[in-house]
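Naming convention: chains lettered A, B, ... in sequence-line order (proteins, then strands); numbering from 1 in each chain.
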Amino acid sequence: MFLDFMVEVEGLLDAALKSCGFQVPEGEVNKLALDLSPHADLASSVSFRLAPVLRRSPASIAADIHKALPAERSYVDRAELVGPYINFFMNRAFLAEVLRRALADDCWTGRMSQSAIVEHTSANPDGPLHVGHIRNSVIGDTLVRILRRAGCKVEAQYYVNDMGRQEAMVVWGRSHFPMEEIKADHATARVYIAAHKTMGERPEVKEEADRIIQGYEAGDPKISAEIKAAVDYAISGIEETLFRMNIHHDSYRWESEFVRDGSVGEIIQGLEKTGLTQWEEGAFQLDLSEFGFEKKMVLRRGDGTSLYITRDLAYHRWKAENFDRTVDILGADHKLVSSQLRTALRLLGIREPEVVIFEFVSLPTGSMSTRKGKFISADELLDQVENQALEEVRLRRPEESDEFRREVARHVAVGAVRYDVVRVSADKATTFDWKAALDFDKLSAPFIQYSHARACSILRRSAVPETFDPSLLTAENEVALIKKITEFELVIDRAARELKPHHLATYARELAEVFNLFYRFSPVLDAPDDLKAARLALVQAARNALKVSLETLGIAALESM
RNA sequence: GGGCCCGUGGCUUAGCCAGGAUAUAGCACCGGGCUUCUAACCCGGGGGUCGCGGGUUCGAAUCCCGCCGGGUCCGCCA
């Protein structure tokens, strides 16, 4: 709905500018200088853009535009002239329409229709997800949800690195150390760490790992079976953790597929045609120095085996051929490689991916490493947060059953962890802190879930009547709530275009805040009948908005907590 | 050394890409509010040279340049 209001405002401004004979300089993205503002529902500072062109004061230009705004409007109530600013406000008809639409269960289906593939998590199958990986998973899964909400047809995919040295080390470890009877991904990490330690003491292990890599590349059936077993086993544990966090992949794609089907070979041939390749120091290399890359990109090892980067090029060709948008979620350590990858794709005439880079999560003691066994696993984090949440529920809902409390604690914990990750902009490096992770006063997810539960509590007591009069909702907090509800559409649109899930996190918190104000100042059940009906409708609309916001964040919208 | 990212009240953080009207929110601190739809809530208060220095502009947290501090990458690893 918000976008309808915005479109109308744009139309009014365009018409006014035209009738005044004003022309905004080209090249501006937001040429009408429209923005949300504390002073209006939508404010334009376009007069400032025109001032240098017209050599007049912004205020007098704004006055002219304001005077020329067409009178015919459906959603715009008034446009106020405040100095150089033109402030637009929504009318009652618009607010009533927002309310009407927000009452439907299936409200907020977006207008985008492209297909998209979002690759996220893609952690090496050599151990459990740790608190760094889940930043990838949470950002990725939230983007999947946002894009779907915006209307895109999205496939969430896990790219399985089965050909790397790390997997060869896992296979070697599995055959030299006993697998412990613990969760599959954790058991895998134990032998992987042990294999690495052994390699440090006995260099010949590296050669044995090389033989595994070569055998796999050549399609040796025994080695292939071993790798498949090792990967499947580790992934089964990783999946369990992801499932617990309400994160799902639609498909898995193994990097070896691109070697087997010949596409890696085709990619290398394609790059050969650029004339930038050569055999050097026993490896086939691509010179990207003219694009500012110091180091050459090795396309094939001397022994003929392929490398991650070439398999990734083939993978991206496949993505570009099968989807309208390609989205990659990558840690900051992949920045250089991914820009090399994009350069190579450009050379091949393949559409480049949209890459979402997130900065590192480190421990107070330094960066994490699966190989060195230096990490805090996602499982451990979830267990601790869930225990803490259970304590909180026990205190607040002593009358409820143990089963209820466990269920609430589970969803509160997942919500807290997910929200805590997604609320921070991806390009902020963070340091993991147990104290902060377990401090429920600091976590905003329960706050939002609680607002939703409050709305549900009202609706449990009284149903929304068939008819109601939305014009009775005139209190400041009621109007503010309706306006906040309609902003959802704008937030999703922006988050989907910019691939910034934290916008939604901020919005959800603001929505809960505005709802809590309404809850505090506008009694629903005790209001006179007419007003009660209208307020019940508003509660239902707010509940839907909170629900859809939470669900798009992958957080359970609890009806009671 | 070079590339990229970050630097906003004591702590965490939004806004920066598309410069505009009193800079966002939480935690912590001070003071209030539960016989009233769940107080995991609400209200009020104090606290900010938006890292530093230049520049562009009518106007800079936002754009440009330089510096300082932190992170990260610069493997025939992934």
Side-chain angles (χ1 to χ4, degrees), chain A residues 27-31 33 35 37-40 43 45 47-49 51-52 57-58 82-85 87 122-124 126 161 163-167 255 281-285 292-296 298-303 305 307-309 311-312 331-337 339 357-360 362 367 371 389 392-393 395-397 412 420 423-431 433 436 439-451 453-462 498 500 502-503 505-506 509-510 512-513 516-517 519-527 535 539 560-561:
Chain A
E28 302 275 349
V29 175
N30 177 8
K31 71 184 182 96
D35 209 353
S37 157
H39 312 280
S45 54
S47 65
F48 288 105
R49 303 274 166 87
S57 79
V82 182
Y85 301 97
N87 293 334
S122 303
N124 291 335
D126 55 15
N161 300 138
M163 295 200 100
R165 168 159 280 116
Q166 96 293 130
E167 207 51 35
E255 55 175 347
E281 292 169 28
F284 195 57
Q285 312 200 8
F293 296 102
E294 213 181 301
K295 296 278 159 79
K296 290 189 177 145
V298 177
L299 302 175
R300 217 184 257 292
R301 293 191 183 98
D303 65 7
T305 56
L307 283 115
Y308 175 83
I309 186 82
R311 301 189 290 260
D312 210 18
D333 53 339
H334 285 67
K335 265 187 218 177
L336 181 64
V337 196
S339 57
I357 299 278
F358 64 93
E359 290 292 328
F360 261 53
S362 52
S367 53
R371 201 172 58 207
E392 304 283 337
V393 189
L395 284 171
R396 294 169 216 271
R397 302 302 294 271
V412 165
D420 205 44
R423 59 179 250 274
V424 183
S425 158
D427 41 33
K428 223 102 170 180
T430 59
T431 303
D433 174 10
D439 183 352
F440 272 76
D441 289 329
K442 276 194 180 158
L443 302 173
S444 305
F447 173 84
I448 303 162
Q449 288 172 309
Y450 184 67
S451 301
R454 276 178 145 184
C456 290
S457 170
I458 294 176
L459 295 168
R460 259 198 305 277
R461 276 157 232 267
S462 185
E498 297 175 15
K500 301 225 167 122
H502 74 278
H503 289 322
T506 305
R509 196 209 66 231
E510 288 170 357
E513 256 165 24
N516 280 332
L517 270 180
Y519 184 92
R520 163 73 177 75
F521 292 107
S522 295
V524 178
L525 300 176
D526 293 336
R535 283 181 178 168
V539 172
S560 178
M561 62 185 278

Non-neighbouring partners of A:Glu167 that pass salt bridge (charged side-chain N to carboxylate O under 4.0 Å, His left out), sequence neighbours left out: none
Tell me every residue that passes side chain to side chain contact (heavy atoms under 4.5 Å, CB included) with A:Val524, counting only those two or more places apart in sequence or in another chain. A:Ile458, A:Phe518, A:Arg535, A:Leu536, A:Val539
Inter-nucleotide C1' distance (B:G15, B:U22), Å rounded: 15 Å
Atom-to-atom span, CD1 of A:Ile448 to C1' of B:C41 - whole angstrom: 14 Å
Hey, does A:Ser560 reach any base, or is it just sugar-phosphate, or nothing, if we go heavy atoms under 4.0 Å? base
Does any donor-acceptor pair link the side chain of A:Asn87 with the base of B:A21 at a separation under 3.5 Å? yes
Check every strand shown and say whether A:Arg311 touches a base, only sugar-phosphate, or nothing at a heavy-atom separation below 4.0 Å. sugar-phosphate
Please examine the side chains of A:Ser451 and A:Tyr519, heavy atoms only from C-beta on, and report whether any two atoms are closer than 4.5 Å. no
Over how many whole Å does the gap from A:Asp439 atom CG to B:A28 atom P extend? 7 Å
For A:Val298, which contact category applies under a 4.0 Å heavy-atom criterion: base, sugar-phosphate, or nothing? sugar-phosphate
B:G7 and B:U12, which share atom name P, separated by this distance in whole Å: 12 Å
Could you give the CG-to-P distance, from A:Asp333 to B:G75, as a whole number of Å? 14 Å
Does A:Gly331 reach a base, just sugar-phosphate, or nothing at all? Heavy atoms under 4.0 Å. nothing
A:Gly302 near the nucleic acid: base, sugar-phosphate alone, or nothing, with a heavy-atom cut-off under 4.0 Å? base
Applying ring pair (Phe, Tyr, Trp, His ring centres under 6.0 Å), can you list everything that pairs with A:Phe284, at least two apart in sequence or on another chain? A:Trp279
Between B:U56 and B:C64, how far apart are the C1' atoms? Round to whole Å, please. 7 Å
Closest to the A:Phe447 side chain, choosing from B:A78, B:C27, B:C41: B:C41
With heavy atoms under 4.0 Å as the rule, sort A:Tyr519 into base, sugar-phosphate or nothing. base
Mapping A:Asp35 and A:Arg460 to their closest nucleotides on RNA chain B, which lands nearer the 5' end? A:Asp35
I want to verify a distance call: between B:C43, B:A14, B:C41, whose nearest atom is closest to the A:Ser425 side chain? B:A14
Mind checking the P distance from B:G66 to B:C29? Whole angstroms is fine. 44 Å
Base, sugar-phosphate, or nothing: which does A:Val539 touch, judged by heavy atoms less than 4.0 Å apart? nothing
With sequence neighbours left out, write down each residue that passes side chain to side chain contact (heavy atoms under 4.5 Å, CB included) with A:Arg397, or none if nothing qualifies. A:Val393, A:Glu399, A:Glu400, A:Phe404, A:Ser560
Applying side chain to side chain contact (heavy atoms under 4.5 Å, CB included) to A:Asp35 and not counting sequence neighbours gives none
Could you give the distance separating B:G55 and B:A61 at their P atoms, to the nearest angstrom? 15 Å
Report which part of the nucleic acid A:Thr431 touches: base, sugar-phosphate, or nothing (heavy-atom distance under 4.0 Å, all strands). nothing
Can you tell me how far P of B:A78 sits from CD of A:Glu255, to the nearest Å? 7 Å
At under 4.0 Å between heavy atoms, what does A:Leu299 touch on the DNA or RNA strands: base, sugar-phosphate, or nothing? nothing
Taking all heavy atoms of A:Asn161 and all of A:Ser122, pick out the closest pair and write down the distance. OD1-O, 3.7 Å
Specify the separation, in whole Å, of atom NE2 of A:His503 and atom C1' of B:A14. 10 Å
Heavy-atom donor-acceptor pair, A:Ser339 side chain to A:Leu336 backbone, under 3.5 Å: yes
If I pick the C1' atom on B:C77 and the same atom on B:A14, what distance separates them, to the nearest angstrom? 37 Å
Nearest to the side chain of A:Lys500 - B:C37, B:C17, B:C43? B:C17
May I ask you to say what A:Ser37 touches in the nucleic acid, namely base, sugar-phosphate or nothing, with a heavy-atom cut-off under 4.0 Å? base
Nearest-angstrom distance, P atom, B:G71 to B:C58: 41 Å
Would you mind reporting whether A:Glu255 and A:Asp312 have side-chain heavy atoms less than 4.5 Å apart? no
Counterpart residues, side chain to side chain contact (heavy atoms under 4.5 Å, CB included), relative to A:Asp441 (two or more places apart): A:Asp439
Protein within reach of the bases, or only the backbone? For nucleotides 2-8 of chain B, mark each nucleotide 5' to 3' as B, S or -, using heavy atoms under 4.0 Å. --BSSS-
By nearest nucleotide on RNA chain B, pick out whichever of A:Ser45 and A:Arg301 is the more 5' one. A:Ser45
Residues passing the salt bridge (charged side-chain N to carboxylate O under 4.0 Å, His left out) test with A:Arg454, sequence neighbours excluded, are none
Over how many whole Å does the gap from A:Asn30 atom CG to B:G19 atom C1' extend? 12 Å
Review item, nucleotides 22-26 of chain B N/O atoms under 3.5 Å of protein N/O:
| unit_1 | atom_1 | unit_2 | atom_2 | d |
| --- | --- | --- | --- | --- |
| B:U22 | O4 | A:His39 | ND1 | 3.4 |
| B:A25 | O2' | A:Arg509 | NE | 3.2 |

Looking only at heavy atoms, what is the nearest atom pair of A:Ala332 and A:Glu359, with distance? CB-OE1, 3.5 Å
For A:Asp312, which contact category applies under a 4.0 Å heavy-atom criterion: base, sugar-phosphate, or nothing? nothing
Can you check the A:His334 NE2 to B:C74 P distance for me, whole Å? 10 Å
Rounded C1' spacing from B:C5 to B:G10 in Å: 26 Å
How long is the line joining CD of A:Glu392 and P of B:A39, in whole Å? 16 Å
Considering every strand and a 4.0 Å limit on heavy-atom distances, what is the contact class for A:Leu307: base, sugar-phosphate, or nothing? sugar-phosphate
For a quick check of understanding: with a heavy-atom distance under 4.0 Å over all strands, which category does A:Arg396 fall into, base, sugar-phosphate or nothing? base
Looking at the side chain of A:His502, which of B:C37, B:C43, B:A14 is the nearest nucleotide? B:A14
Base, sugar-phosphate, or nothing: which does A:Ala43 touch, judged by heavy atoms less than 4.0 Å apart? base
